[in-house]
Amino acid sequence: MVLEHYLVERLQQSCSAEENNLQPSRHGAVKNEDTFKTSQFHFDLWFYFTLQNWVLDFGRPIAMIILPLEWFPLNKPSAGDYFHMAYNVITPFLLLKLIERSPKTLPRSMVYVSIIVFVMGASIHLVGDSVNHRLIFSGYQHHLSVRENPIIKNLKPETLIDSFELLYYYDEYLGHSMWYIPFFLILFIYFTGCFTPVEEESRMPMAALLLIGPSSLYYWYLVTEGQIFILYIFTFFAMMALVMHQKRKGLVLDSNGLFLFYSFIITLVLIAVWVIWLWNDKILRKKYPGVIYIPEPWAFYTLHMNNLHAAKESL
């Protein structure tokens, strides 16, 4: 509630600022033109952003599995749930700080609305994902559909299965859509302000080169586990089109724009390697039919790694 109140206030301030941006002149009201300002690489924000993505997003199901079950009973929130709660608070503020540091005036109203939807979607996902991951302790297998899972398919009455499918829908479809669409939209809005006419600013410092690997690897996890390849590829194509359009105007990407753009390129390479590696997996093929075949890492884990651990324990 505090975060939503803060965002509403910022949205109202943004609307007032946009109205004040219309300056009277002899020819009527005209909008102030954005001037290009020198932009430094935001190492602190990109570092915190990458770190919290790995710890709070990627690390939450791992924390849930490795920490003793006695500390977090199945009828209470898990450690991963608390990670998710922290992610839902920290990520919006980091995105807002990123937008505030843009050298170009960006459409703040759209940013604030996107942040609100982002928080709603991530919160919906928190609930659905919490239950789905806790089901692992009861034998739930992520590489199978809801109705094909051994612990689900024999439930009585059968309407209970519909309830679990509804939970899966909120987790994997509605929650992901309301979470990731605003997330990528905000990144793209920020990307539109990452152009400069100064060639010397179109270089990545060593700090950016050190971060680009972990950043790209996280985006790979985000796209594959979130099943949002179409959203990602459309965002990437929009970035490419914008780069070519701005190049005709004599503008090039600054260090922050290069960092984001190259991260997306490396992510695409990692996704291609992942798909090629699992191309002939018949079980995963059954769960992910259709033209776009991109298995989830956790489905791969429950299918292969769990079986591997069970085989070692039986020896």
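The residues of the chain are indexed from 1 along the displayed sequence. Being a predicted model, the structure only gives us computed values, none of them experimental.
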Start with the C-alpha distance between I294 and Y288, add both sets of side-chain angles, then the distance that settles side chain to side chain contact (heavy atoms under 4.5 Å, CB included), and finish with yes or no.
CA-CA 7 Å; I294 302 178; Y288 305 98; over 6 Å; no
Mind running side chain to side chain contact (heavy atoms under 4.5 Å, CB included) on M239 and L260 for me, showing each step along the way?
CA-CA 10 Å; M239 286 180 170; L260 192 56; 3.9 Å; yes
The test is side chain to side chain contact (heavy atoms under 4.5 Å, CB included); show your working for Y140 and F164 and say whether it passes.
CA-CA 12 Å; Y140 188 85; F164 276 99; over 6 Å; no
Would you check, one step at a time, whether the test side chain to side chain contact (heavy atoms under 4.5 Å, CB included) holds for D254 with F195?
CA-CA 6 Å; D254 62 14; F195 291 88; over 6 Å; no
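Looking at residues two or more places apart in sequence or on another chain, you find no side-chain hydrogen bond (donor to acceptor under 3.5 Å, both in side chains) involving R285. Residues passing the side-chain hydrogen bond (donor to acceptor under 3.5 Å, both in side chains) test with S177, sequence neighbours excluded: none. Not counting sequence neighbours, the partners of Y219 by the ring pair (Phe, Tyr, Trp, His ring centres under 6.0 Å) test are F264. Not a single ring pair (Phe, Tyr, Trp, His ring centres under 6.0 Å) links Y170 to another residue, sequence neighbours left out. Every residue two or more places apart in sequence or in another chain was checked for a ring pair (Phe, Tyr, Trp, His ring centres under 6.0 Å) with Y168, and none qualifies. Checked against side-chain hydrogen bond (donor to acceptor under 3.5 Å, both in side chains), Q227 has no partners two or more places apart in sequence or in another chain. By the ring pair (Phe, Tyr, Trp, His ring centres under 6.0 Å) test, F236 is found to be paired with F261, residues two or more places apart in sequence or in another chain being considered. In this view, Y48 satisfies the side-chain hydrogen bond (donor to acceptor under 3.5 Å, both in side chains) rule with no residue, not counting sequence neighbours.
For the pair D44 and K97, the salt-bridge criterion is not met [side-chain N within less than 4.0 Å of a carboxylate O].
Across all their heavy atoms, I161 and K153 have their closest contact at CD1-O, 3.8 Å. Taking every heavy atom of both residues into account, G121 and M178 meet most closely at CA-CB, 3.4 Å. Among all heavy-atom pairs drawn from P205 and S255, the shortest one is CD-CB, 4.0 Å. Taking every heavy atom of both residues into account, S216 and T267 meet most closely at O-OG1, 3.2 Å. When all heavy atoms of A299 and L284 are compared, the closest pair comes out as CB-CD2, 4.2 Å. A pairwise comparison of heavy atoms in V252 and E199 identifies CG1-OE2, 3.8 Å as the closest pair.
S130 and D81 share a donor-acceptor pair across their side chains, judged by distance under 3.5 Å alone.
When each of F93, W179, F49, F58 is tested with Y87 by the rule ring pair (Phe, Tyr, Trp, His ring centres under 6.0 Å), just one qualifies, namely W179.
The distance from atom CZ of R134 to atom NZ of K76, rounded to the nearest 0.5 Å, is 11.0 Å. One finds the CG atom of N154 at 12.5 Å from the CG atom of L160 (value rounded to the nearest 0.5 Å). Note that CZ of F83 is 6.5 Å distant from CG of L56, once rounded to the nearest 0.5 Å. Rounding to the nearest 0.5 Å places NE2 of H176 at 8.0 Å from CD1 of I228. To the nearest 0.5 Å, the span separating OH on Y169 from CG on L174 amounts to 5.0 Å. To the nearest 0.5 Å, the span separating CD1 on I181 from CG on L231 amounts to 6.0 Å.
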Solution key, residues 182-189 side-chain donor-acceptor pairs under 3.5 Å, sequence neighbours excluded:
none

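Between T224 and E296 the shortest side-chain heavy-atom distance does not fall below 4.5 Å. With a 4.5 Å cut-off on side-chain heavy atoms, L270 and I266 count as touching. Put simply, the side chain of P61 reaches to within 4.5 Å of the side chain of W298, judged on heavy atoms. Side chains of L96 and Y112 form a contact here, defined as non-hydrogen atoms less than 4.5 Å apart. Considering only heavy atoms from C-beta on, M204 comes within 4.5 Å of I212 through its side chain. Between Y232 and I271 the shortest side-chain heavy-atom distance falls below 4.5 Å.
V198 and F259 fall into different hydrophobic clusters, where Ile, Leu, Val, Met, Phe, Trp and Tyr side chains are chained together by heavy-atom contacts under 4.5 Å. Clustering ILVMFWY residues whenever any of their side-chain heavy atoms sit less than 4.5 angstrom apart, transitively, puts W279 in the very cluster that holds L268. Criterion: ILVMFWY side-chain heavy atoms under 4.5 Å apart, direct or through other members. Under it, V127 and L166 are not part of a common hydrophobic cluster. Taken together through direct or relayed side-chain contacts under 4.5 Å among Ile, Leu, Val, Met, Phe, Trp and Tyr, Y221 and L51 form part of one hydrophobic cluster. Note on F237 and Y180: same hydrophobic cluster, where clusters join Ile, Leu, Val, Met, Phe, Trp and Tyr whose side-chain heavy atoms are under 4.5 Å apart, directly or indirectly.
A salt bridge (charged side-chain N to carboxylate O under 4.0 Å, His left out) check over residues 136-148, counting only residues at least two apart or in different chains, returns the pairs R147-D162, R147-E165, E148-K286. Identified under the side-chain hydrogen bond (donor to acceptor under 3.5 Å, both in side chains) test for residues 54-72, with sequence neighbours left out: D57-R60, D57-Y218, R60-D129. Within the structure, salt bridge (charged side-chain N to carboxylate O under 4.0 Å, His left out) pairs that include any residue of residues 243-253 do not occur (at least two apart or interchain).
The aromatic rings of Y82 and F72 are tilted relative to each other, their planes meeting at an angle between 30° and 60°.
Not one N or O on the side chain of N149 forms a donor-acceptor pair closer than 3.5 Å with the backbone of I151. A donor-acceptor pair under 3.5 Å is absent between the side-chain atoms of W220 and the main chain of V269, judged by distance alone. Y293 contributes a side-chain N or O that, together with a main-chain N or O of L278, makes up a donor-acceptor pair within less than 3.5 Å.
Heavy-atom contacts from other residues, nucleotides or ligands closer than 6.0 Å to CD1 of I230 number 12 or fewer. The environment of I283 atom CD1 is sparse: at most 12 non-hydrogen atoms of other residues, nucleotides or ligands sit within 6.0 angstrom.
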